Amino acid sequence: MSVKKTSAEKRHAQSEVRRMRNKAVKSEVHTSVRKYLEAVQKKDQKLALEKLRALESELDNAGRKGVMKANAVSRKKSRMANLYNVTFAAPAKAE
């Protein structure tokens, strides 16, 4: 004889599935951030640009899925792009 789940039990199961899915997406974003920052610290411009593009893609994906809010995604993308620009900017000529 099977016992029927209550709506609270079903809701809890659904929220647990969503929590694990969100955790996986956030983990991917954090990993991308770490790899990008490592590339910037090594002063490897080509690798850093590649990792920045991958990071932006991960952030857009997290925003689309609703794991991160749109403004948080934009803010993080902006800060990471600014870090790239500051780090790899051509040195200004001293006059």
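Residue numbers run from 1 in the order of the sequence given. Bear in mind the structure is a predicted one, so any value in this text is a computation, not a measurement.
- Atom-to-atom distance recorded for Glu56:CD and Ser78:OG is 10.0 Å, nearest 0.5 angstrom.
- Rounded to the nearest 0.5 Å, atoms NZ (Lys4) and CD (Glu9) are 12.0 Å apart.
- Once rounded to the nearest 0.5 Å, the distance linking NZ of Lys43 with CZ of Phe88 reads 6.5 Å.
- Residues Leu49 and Leu47 do not share a hydrophobic cluster, clusters being chains of Ile/Leu/Val/Met/Phe/Trp/Tyr side chains in contact below 4.5 Å.
- A distance of 13.5 Å separates NZ in Lys26 from NZ in Lys65, rounded to the nearest 0.5 Å.
- Closest of all the heavy-atom pairs between Val33 and Met80 is CG1-CE, 3.9 Å.
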Evaluate side-chain contact (heavy atoms from CB on, under 4.5 Å) for Arg21 paired with Val17, printing each intermediate quantity in order.
CA-CA 6 Å; Arg21 191 176 302 138; Val17 167; 3.4 Å; yes
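- Within a 6.0 Å sphere centred on CZ of Arg11, other residues, nucleotides and ligands contribute 12 heavy atoms or fewer.
- Between the Tyr36 side chain and the Leu55 main chain, no donor and acceptor come within less than 3.5 Å of each other.
- Between Lys35 and Glu38, no side-chain nitrogen of the basic residue sits less than 4.0 Å from a carboxylate oxygen of the acidic one, so the salt-bridge criterion is not met.
- Taken together through direct or relayed side-chain contacts under 4.5 Å among Ile, Leu, Val, Met, Phe, Trp and Tyr, Leu37 and Val29 form part of one hydrophobic cluster.
- Rounded to the nearest 0.5 Å, atoms NZ (Lys23) and OG (Ser27) are 8.5 Å apart.
- The CD atom of Glu58 sits 10.5 Å away from atom NZ of Lys51, with the distance rounded to the nearest 0.5 Å.
- Residues Ala62 and Val25 approach most closely at CB-CG1, 3.7 Å, considering heavy atoms.
- A side-chain donor-acceptor contact under 3.5 Å links Ser32 to the backbone of Glu28.
- Listed by first then second residue, pairs satisfying side-chain hydrogen bond (donor to acceptor under 3.5 Å, both in side chains) with a partner in residues 68-77 read Asp60-Lys77, not counting sequence neighbours.
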